Number of protein chains: 2
Amino acid sequence: MDSVARLTIILFFSWIVQISSESILKLPSEKEISGEYCDSWRLAVETNNVGSWNQIPANCVDSVAEYMIGERYKRDCDVVGKFSTEFAKRVAIGGDGRDAWVFDIDETLLSNVPYYQAVGFGSEIFNETSFNDWVNLADAPALPASLNLYRKLQDLGFTIFLLTGRSEHQRNATEANLLFAGYRNWERLILRGPSDQGKSATNFKSQKREELIIEGYRIHGSSGDQWSDLWGFAVASRSFKLPNPMYFIP
Amino acid sequence: MDSVARLTIILFFSWIVQISSESILKLPSEKEISGEYCDSWRLAVETNNVGSWNQIPANCVDSVAEYMIGERYKRDCDVVGKFSTEFAKRVAIGGDGRDAWVFDIDETLLSNVPYYQAVGFGSEIFNETSFNDWVNLADAPALPASLNLYRKLQDLGFTIFLLTGRSEHQRNATEANLLFAGYRNWERLILRGPSDQGKSATNFKSQKREELIIEGYRIHGSSGDQWSDLWGFAVASRSFKLPNPMYFIP
């Protein structure tokens, strides 16, 4: 090989390596710095430190999009599913059908990522009309970690309740969507009735859990993406918080 | 410049770039894969999904060490401090000295990272004897985000209570350490007395907060690194959860 050919190969290789390594050779860019802040913001959301919020910070849109679409959201959900399953396996099932698990629906059993991807991942204020249109499509995919957990719980003998902030008039679309996504044989789907309108999610969901307890159910576990799915009164023995950096429900 | 000199420069540059970019050119290593799992495990710890645990997973020791010693822990704490301050500024201070904030001590006001660094960052089961020796040294540094918040709260007019699972016999060492770390003028330091031994942290701390409320204090905020600092009854209007992937207190 002559020296010109050698030089060409070296130059080509050096160029390829340079392209691949660009991000680590330069100083941290604005995007990286805001990405670091946004990771801490996301943790603060998950631990309820942010309090009430209705839009993700403008400089965190890219970071939240990357989180939701990339591997991290899936991995975080899988690990929540793993700990949920480990706990569920240790529950002594009574055989009377009263051992219950309560699931929230949106961002818990069903993923609305296709909808939120189209509206900027929580960077815009919640639009009830367009979200309801999406709900009526009944097209939301299952959250894989939750579908997996749901099936395992049924195998273990749990009775499953679905408790959602969706309204009673969305019952048909919600049932159709759950079936489409692979969910089967839930005991009851509890939606907000006319008398539940205006209640906070925490209050509405606590009341409904309390009714189940009065009926004789033992609520061992509860899964939701909002603390308002899990806190309040009549709480489950163990609550499992799935991640959701896209929106907040009080 | 002759072609040999040029070639040398190019080769040298290509070598430097290669070294710098090694980590992104190779396939993800075992360490990186376990680091990804450990990030999800850490989130699961922070959201209380793991339940009771007494050792960090063996393959997460490096990841937890990196988190605690690197920039992320500091940044995560700073963001919690930011949201705490934002909330505190919105509280209407009554001027009667009854507007209270409750702080936990370990991993909240004081950092035991120097101790945990010496014992494997939570990879070993808690050793009460060696930890008590460390407490008696009164040498723990302040958690910078908390010292900052503490001072801002005092400027705003909050009355500050310190509520810790440490024992009454550690009062002197604890006071000395707090002063050494820069804390001043707390209203009261509440430790576990003889009658509090054996109570869960959640129960002990809830009872003590309830006593403050009975005394007429309005507990607006509470800061802690464990959910057992924050949950239970007589909870603050807002609770702020600092990260701690090193140990769990029920």
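Naming convention: chains lettered A, B, ... in sequence-line order (proteins, then strands); numbering from 1 in each chain. Note that the coordinates shown come from a computational prediction; the quantities given were computed from them, not determined experimentally.
- Taking the side chain as every heavy atom from C-beta outward, A/W41 and B/K82 never approach each other to under 4.5 Å.
- When the candidates B/V79, B/D78, B/D39, B/L242 are compared by the number of heavy-atom contacts under 4.5 Å with chain A, B/V79 comes out ahead.
- For chain A, the nearby part of B/S239 is the backbone; its heavy atoms alone come within less than 4.5 Å.
- Using the six-membered ring where Trp is involved, B/W227 and A/W227 have ring planes that are tilted, between 30° and 60° apart.
- Here the closest non-hydrogen pair linking A/E46 and B/T47 is O-CG2, 3.5 Å.
- The line from OH of B/Y73 to OG of A/S40 is 12.5 Å long, rounded to the nearest 0.5 Å.
- A/N49 places no side-chain N or O within 3.5 Å of a backbone atom of B/V80 that could act as its donor or acceptor partner.
- Both the backbone and the side chain of B/R75 come within contact range of chain A, each with at least one heavy atom under 4.5 Å from a heavy atom of that chain.
- Between B/L43 and A/P243, the shortest heavy-atom contact is CD2-CB, 4.4 Å.
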